[in-house]
Protein chains: 2
Amino acid sequence: MKRVTIHDVAKEAGVSVTTVSRVLNDRGYISTEMKEKVLKAIKELNYIPNEMARSFFSNQSKFIALIVPTTENPFFGELTFRIEKALAKFGYHLFICNSLNDPENEEKYLRLLNEKRVDGIIVGSHNVDISEYKNYENQIVSIERKLTENIPMIQSDDYNGGVLATRELISQGCSNILCVIGDKNVETPANDRSLGYISEMEKNNLKPRFIEIPFQIGYEEKYKIIKDTFQTKFNFDGVFAGDDVNAKLFMNVAKEMNYDIPEDIKIVGFDGTQTMRSLVPELSTVVQPIEQLANEAVKILLDLLQGKKVKKESTLPVELYLSRTTNRIKN
Amino acid sequence: MKRVTIHDVAKEAGVSVTTVSRVLNDRGYISTEMKEKVLKAIKELNYIPNEMARSFFSNQSKFIALIVPTTENPFFGELTFRIEKALAKFGYHLFICNSLNDPENEEKYLRLLNEKRVDGIIVGSHNVDISEYKNYENQIVSIERKLTENIPMIQSDDYNGGVLATRELISQGCSNILCVIGDKNVETPANDRSLGYISEMEKNNLKPRFIEIPFQIGYEEKYKIIKDTFQTKFNFDGVFAGDDVNAKLFMNVAKEMNYDIPEDIKIVGFDGTQTMRSLVPELSTVVQPIEQLANEAVKILLDLLQGKKVKKESTLPVELYLSRTTNRIKN
DNA sequence: TTTCATATGTCAACCGGATGACATAAATTT
DNA sequence: AAATTTATGTCATCCGGTTGACATATGAAA
């Protein structure tokens, strides 16, 4: 059976296609009488406009792509969820790209922009090569990632998060505090977390110490690095873990090696997703305002697409959630 | 600046648009010489075909929508990831829909099909009303969800998973085993898990006992139901938790109330995502073949779209992963 | 009476590529 | 020499809407 088009509707209602289009798009002059006639025909024929044709003509797909390393990760799973919700409010749809931090992959996704398949992109990936991005500055925003001078960035107050986490560990009596950082070569705002850490350590005359766990490697490898850290250089009594996944892995390894948390080691994570908060409620962590990050990113991107002037940088406040891994009793 | 079109390329190369189109689509007769000339012009002008125009003409968007309750949940986060990967291999893109199990929401997404915005849909949602689906039987597959007679379903061997989990608990000495089920009103293959449980219990002359935890409610509410279960009717020594999230919540509440796992209570989960396996390695669980589920769903859907005959039901094997919550030492 | 906002319709052009029909050659086969 | 295959081009049409231009009525306001 053939698809019902606007022409069929026009014929059924005994009017011109222009009139139907006018009704559909609420344009020009239309009497209520005429409107009803058209709407009745639409209902009768069960007509549904072909959005692809509309998109083609208007040169707007109403699609936004989100590039994340992987939705497997709770933070990005939740971010994806929030962004999809936020976009839906404006009639946009979300199109998901798991980059796996593969530059080639990411480049492929950028091409979608040129192909006119998406109107804009939200980048939440941790990739290295950014020269490509320069060509798309007016249709991209990034979350927690500095791309180019002109691409708007929405981030949490990572620096303050680092300060809060470190202060908490110190106030609970830690003096040998390890800070987990991601890939040193990648300049992400997440690195500000360690700057906050450093500042707070130095303020207390403590020596900052780091361990590198690249974000993009698998759980197994992360586990190994952490295990190795325990085995070869254990002499820390506090860990600022960079994110909740690392924090939990630290907790697991500690338990495995019969260290008591929080007695021997205290831990603070970062992210504070619903999932982690509910499944690992004993973990003290710095809570990112994921929902606000999503809303803000969407708002700024849509403004950008409309040619409006937008803020180049938005920093949203974080909150410290205290629990048993830093000796705060919960329940 | 104006967009480079196929006409510009034709002019630049000194050929007709038809020739350019022939080169692009590898159709008709083309000499290598001519081909090179065209390709050179394409490169020089940095021409990128407008995919929206192509889609419009060919009536194929190359988009597939995935409807899930929420990507927040580790299982669906991982499923999303796998499906996106699988689709990418065939040049399809994934478009994400978080239904939140809201029927209205789900209906809205189905409309996308009619609007020609997506070519097909993979349903992984737990919704109730399914009458709508009848209109789309040749462009939908479902994962772990019986929709209509004709919509192909891909599922794990849930029944066997229930058997394996229950058998494990019994073999570890449990006799009062609680089984968590989702919404009783929703008929999902996940319910087969409890059938496997029942069968194995009866085989051992044990009395099946259930507790209902709807899938779609929040973590907090689930926590409350579980806490309530412990407080009002504690006399179980084993839990088949239905999924890993519930399993972990049971573990948390048990700890909170000073029950020892696995001494006092043994627990088996369901799903076995990478994330849960890595973050909660002590949890014994039934591992779903998520990657295969994704691959199979994609394969069947694409076959369906091509009008091929496809299997109406595919059942993939599960595996039992044994760990400390059922007294199996790990590490 | 003249102007004007309102109401309706027709027609053609356009968005960017895909494609079938048809014409014309040159190169190969038969 | 005739038939066939290969190579290239032009032209018009289509996909399904949107839109601007323009014509023609009203009834109301100036």
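Every chain is numbered from 1, with letters handed out A, B, ... down the list of sequences. As the structure is a computational prediction, the values presented were derived from the model and not from experiment.
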From C-beta outward on A:A53, which listed nucleotide comes closest to its side chain: D:dG16, C:dG17, C:dG9?
D:dG16
Measure CG/A:L24 against P/D:dT18 and give the value in whole Å, please.
6 Å
Where along nucleotides 19-30 of chain C does protein come under 4.0 Å, by heavy atom, of base (B) or sugar-phosphate alone (S), with - for untouched nucleotides?
BS----------
Are any side-chain N or O atoms of A:E78 and backbone N or O atoms of A:Q274, one a donor and one an acceptor, separated by less than 3.5 Å?
yes
Counting N and O atoms only, with roles assigned by atom type, does the side chain of B:K312 sit under 3.5 Å from a partner on the main chain of B:I151, one being a donor and the other an acceptor?
no
Within residues 108-118 of chain B: residues closer than 4.0 Å to DNA chain C (heavy atoms):
none
Hey, are B:Q60 and B:S55 close enough side-chain-wise for a donor-acceptor pair under 3.5 Å?
no
What's touching nucleotides 4-6 of chain C from the protein side, N or O pairs under 3.5 Å?
residue : atom : partner : partner atom : Å
C:dT6   : OP2  : A:Y29   : OH           : 2.8

Estimated bend of the helix from C:dT1-D:dA30 to C:dT30-D:dA1 (axis per five terminal pairs, rounded to 10 degrees)
40°
Set of residues satisfying side chain to side chain donor-acceptor pair (under 3.5 Å) with respect to A:S61, sequence neighbours excluded:
A:D119
Could you state the CD-P distance from B:E51 to C:dG16, rounded to the nearest angstrom?
14 Å
Check the phosphate of C:dT8 against A:T19, side-chain N and O only, distance under 4.0 Å to OP1 or OP2. Yes or no?
no
Whether B:T80 side chain and A:T71 backbone form a donor-acceptor pair below 3.5 Å:
no
Under the ring pair (Phe, Tyr, Trp, His ring centres under 6.0 Å) rule, what pairs show up with a residue in residues 87-120 of chain B, not counting sequence neighbours?
A:F63-B:F95, A:H93-B:F95, A:F95-B:H93
Does B:K116 reach the side chain of B:N59, with side-chain heavy atoms less than 4.5 Å apart?
yes
Can you check the B:H7 NE2 to D:dA12 P distance for me, whole Å?
14 Å
Any side-chain to backbone donor/acceptor pair from A:D303 onto A:K309? Under 3.5 Å, distance only.
no
Does the B:Q155 side chain pair with the main chain of B:R145, one donor and one acceptor, at a distance under 3.5 Å?
no
Does the side chain of A:I121 come within less than 4.5 Å of A:I67's, by heavy atoms?
yes
If the condition is side chain to side chain contact (heavy atoms under 4.5 Å, CB included), which residues does B:Q139 pass it with, not counting sequence neighbours?
B:L113, B:Y136, B:L305
Carboxylate-amine/guanidinium proximity below 4.0 Å for A:D26 and A:K35:
yes
A side-chain contact here means heavy atoms from C-beta on lying under 4.5 Å apart; do B:M52 and A:R117 qualify?
no
Contacting residues from residues 30-43 of chain A, given that a heavy atom lies under 4.0 angstrom of DNA chain D:
none
Would a 4.5 Å heavy-atom cut-off, applied to side chains only, mark B:T5 and B:D8 as touching?
yes
Grab the CD1-C1' distance between A:I6 and D:dC15 for me, whole Å please.
14 Å
Apply side chain to side chain donor-acceptor pair (under 3.5 Å) to A:T19 and list each qualifying residue two or more places apart in sequence or on a separate chain.
A:S16
Tabulate atom names and distances for all N/O pairs under 3.5 angstrom spanning the protein and nucleotides 26-29 of chain D.
none

Give the rounded distance in Å between these two atoms: CZ of B:R54 and C1' of C:dC15.
16 Å
Only counting residues at least two apart or in another chain, list the ones meeting side chain to side chain donor-acceptor pair (under 3.5 Å) with B:Y47.
none
Interatomic distance, A:K11 NZ vs D:dG17 P [rounded to whole Å]:
14 Å
Heavy-atom distance under 4.5 Å between the side chains of B:P289 and B:S156, does that happen here?
yes
Are A:F75 and A:F81 an aromatic pair by the rule of ring centers under 6.0 Å?
no
Taken to the nearest whole Å, CE/A:M52 to C1'/C:dG17 is 13 Å
In whole Å, I'd like the distance from the CG atom of A:N59 to the P atom of D:dG17.
18 Å
Can you name the side chain to side chain contact (heavy atoms under 4.5 Å, CB included) partners of A:R54, sequence neighbours left out?
A:N25, A:P49, A:E51
